[in-house]
2 protein chains.
Amino acid sequence: MSKMDVGTAGREDLSLGREIAERINALAAISEDPANITRIFLTSEHRAAADLILGWMRQAGMAAHIDAIGNVCGRYEGERPGLPALMLGSHYDTVRDAGRWDGPLGVITAISCVADLHRRGLRLPFAIEVVGFADEEGVRFASTLLGSRAVAGTFDEAVLGVRDMTGVSLGEAITAFGLDPDHIGKAARVRGELLAYIELHIEQGPVLEQEDLAVGVVTAIAGATRLAARLTGMAGHAGTVPMRLRRDALSGAAECIGVIEEFCRTDQAGLVGTVGYIHALPGATNVIPGQVSFTIDMRAPTDMHRRRAVTDVARQIEAIAKRRDLALQIDVTHENRTAPCAPWLKAQIADAIAAEGFRVFELPSGAGHDGMAMIDIADVGMIFVRCRGGISHHPDEHVELADADAGARVLLRLIENFRPQAGGK
Amino acid sequence: MSKMDVGTAGREDLSLGREIAERINALAAISEDPANITRIFLTSEHRAAADLILGWMRQAGMAAHIDAIGNVCGRYEGERPGLPALMLGSHYDTVRDAGRWDGPLGVITAISCVADLHRRGLRLPFAIEVVGFADEEGVRFASTLLGSRAVAGTFDEAVLGVRDMTGVSLGEAITAFGLDPDHIGKAARVRGELLAYIELHIEQGPVLEQEDLAVGVVTAIAGATRLAARLTGMAGHAGTVPMRLRRDALSGAAECIGVIEEFCRTDQAGLVGTVGYIHALPGATNVIPGQVSFTIDMRAPTDMHRRRAVTDVARQIEAIAKRRDLALQIDVTHENRTAPCAPWLKAQIADAIAAEGFRVFELPSGAGHDGMAMIDIADVGMIFVRCRGGISHHPDEHVELADADAGARVLLRLIENFRPQAGGK
């Protein structure tokens, strides 16, 4: 933190960081399982967390309510009531056995920034809204970004019929929570009300740590393509089938995994490819696998680059299957467009980072975020905060107090210096 | 079958083959599950199958009984009672959802050969014994070769305490079957009583089919080494960790699988290596695998070759793990010595095959057989019979009638021409 010798006057006491860390811990205590952090959409933990956040928002001088999908929404008026708003936010749901920073850091930091303005009696020429999205992770109903899609007006009503593992539909869960699924449309905002959507979030990767930086400017939320591949050869006895007569589906899959890794490793433009799941049948020590299923997850900072890479990798896998006389089934199971961050917001974030005395460093977000939904009604900017070891979605997820403070100072400076896009949008 | 223009006079009617196929079907009808063949050690199906085989033995002029472990034992005296015996055999238990030929073919063929001698009133200068081993597959108590180990006098009494999936111990199951576990030692034979142990069995592999041959001479029952390997890297988000910062355990495992395949494929001496089981953790599409477990099964016709190969492969895996900064745990979980077939028996089998008009072809057995136990008290020889597509341990397991007949004619000729090893052993 040697570069923190310049920056916001009087902040060397880490007061913002301390408040944020305390609230992170308070929110982490609200969990389905006392031993691990698990806070799922439309549960009693959701309710308790929402109430806690509502209280913090009101302390910060905001009018606050829970919207029709369960998002917590606070508004800090500007120099006069009803001005268009700079929207800040992140999510407060978690995966199972989660860390405490993924999501809550962005919500809590935004509230702390508003509280700081409020303490100083500062009103800006625009309103500030803070949103805690109720469901980004998609744990309960398999569909992600439910909270931000409702706000963006792109919520798919068909999802109301999707049932969780206990058989409860989303519509029923909303009703049981005390909300009305028929009112979800009322959560939607319109473009003219919002000047921009800015999210502060932990990086969930190791790049800032490698760069020795507390914060970074996000260039884009990388789109992702997920594929399911299945190779079918011929099962056989591990002792009786000579190597030259084998059609071993797992050896074929291993060659595919090698090709995916090599293709991405030699790419210079941020392409990543992952085989996270593999299943070999019949799966016995002494039987040659006759069928192997595996997944492929590919991401790149632009859609064109990702799509070209997916095509190239699929072609190489087809060649491997053909050469090995394996049947191949390969399907796209999921595709997310890239959400590029707006250049004018990147520039203002970079200015705030530089003003706080940090080197400006740009990086893509490989993980998905609520900005992927919000981009449909607002330009999106993101600030990443370093997390230890790049670890996320894990109890070991950690942000240093100084880094939490640095992120808050950057966000606060960004807010105070915020200039809506010339000409509006 | 164009080479069958010479051979045993009067056998072109396939009469031996027809009898064998009928009995194969009769035995296949005795199954725990009427839809699939499943005949497990010490069950009522075991009892019914044993009774059927005892009847066939007695029809063939043999004295027959069930021994203390449940093997069916028949004896056809030679020119005078009490002569040392040529022992023929195989097993009549099955895996679950089995084929009908693996095991029973050897028992039934041996009985048909003796029946043929008996019909002709032929007595030889040695006795013939036929054994149907009660448990070769080891399905119920996880320990294989229980029947032949009892005969070889190498039965491990500790196995009596092992329990099946329903909690019944082997000792209790033997008692419930009407036998006495304290008498297992009485099933043991001594070396002087046996001139040799000869087993006819389906190949369970595709080599004879590739060679267009009905039968082959087995050179050795290949020993096997099984290894369990575990690579541990670092789990991470599939989107946020750049390729160069990954410690992906599955990419490492894939490279290991490639190395194992390549090492065995380029071996000229019958080495085979199989990765049959793999498990990647956490196993989610969007998470870089942090830990992967997989098994390795390696077999070769000699112990020295197999052991050297295991060492070489383990060294290459260690190098992969080191280069990728993955922790490696690798353990030998199972090891079987190679059981070489006796040269003097291979020569007599080859003579019988040639005399029946077939090209003599030698191949190792990659699968385990009762000869692995019997080698402790007798020299071992094996005849392989072609099975369709090399498929075994599967309902599609199939032997053509003509091939079953060819196997029987070879075995019969071998018996009639059998010359005990000069000088005895």
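Throughout, protein chains are lettered first and strands after them, A, B, ... in sequence-line order, and every chain is numbered starting at 1.
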Residue among A/D297, A/T295, A/V272 with most heavy-atom pairs under 4.5 Å to chain B: A/V272

Option in B/G368, B/P206, B/G258 with maximal non-hydrogen atom pairs under 4.5 Å from chain A: B/P206

Greatest number of heavy atom pairs closer than 4.5 Å to chain A - which of B/S365, B/G273, B/G270, B/S392: B/G273

Side chain, backbone, both or neither of B/I391 within contact of chain A (heavy atoms, under 4.5 Å): neither

Heavy-atom contact with chain A under 4.5 Å, split by part of B/T240: both

Per-residue contact mode, B/V275 against chain A (heavy atom under 4.5 angstrom): both

Top of B/A222, B/A235, B/P289 for chain A proximity - count of heavy-atom pairs under 4.5 angstrom: B/P289

Residue pair A/V287 / B/T274: nearest heavy atoms and the distance that separates them: O-CG2, 4.0 Å

Nearest atoms (heavy-atom pairs only) where A/G276 meets B/A280: O-CB, 4.3 Å

Residues in residues 329-338 of chain B near chain A [non-hydrogen atoms, under 4.5 Å]: none

Within residues 243-257 of chain A, residues adjacent to chain B where the heavy-atom gap is under 4.5 Å: A/M243, A/R244, A/L245, A/R246, A/L250, A/S251, A/A254, A/I257

Shortest non-hydrogen contact from A/G239 toward B/R299: CA-CD, 3.5 Å

Spacing of NE2 belonging to A/H394 relative to NE2 belonging to B/H237, to within rounding of 0.5 Å: 14.5 Å

Under 4.5 Å from any heavy atom of chain B - which part of A/A367: both

Pick from A/E261, A/M298, A/E203, A/H279 with the largest number of heavy-atom pairs that fall under 4.5 Å of chain B: A/E261

Per-residue contact mode, B/A284 against chain A (heavy atom under 4.5 angstrom): backbone

Structural part of B/T285 lying under 4.5 Å from a heavy atom of chain A: both

Contacting moiety of A/L363, where chain B heavy atoms sit under 4.5 Å: neither

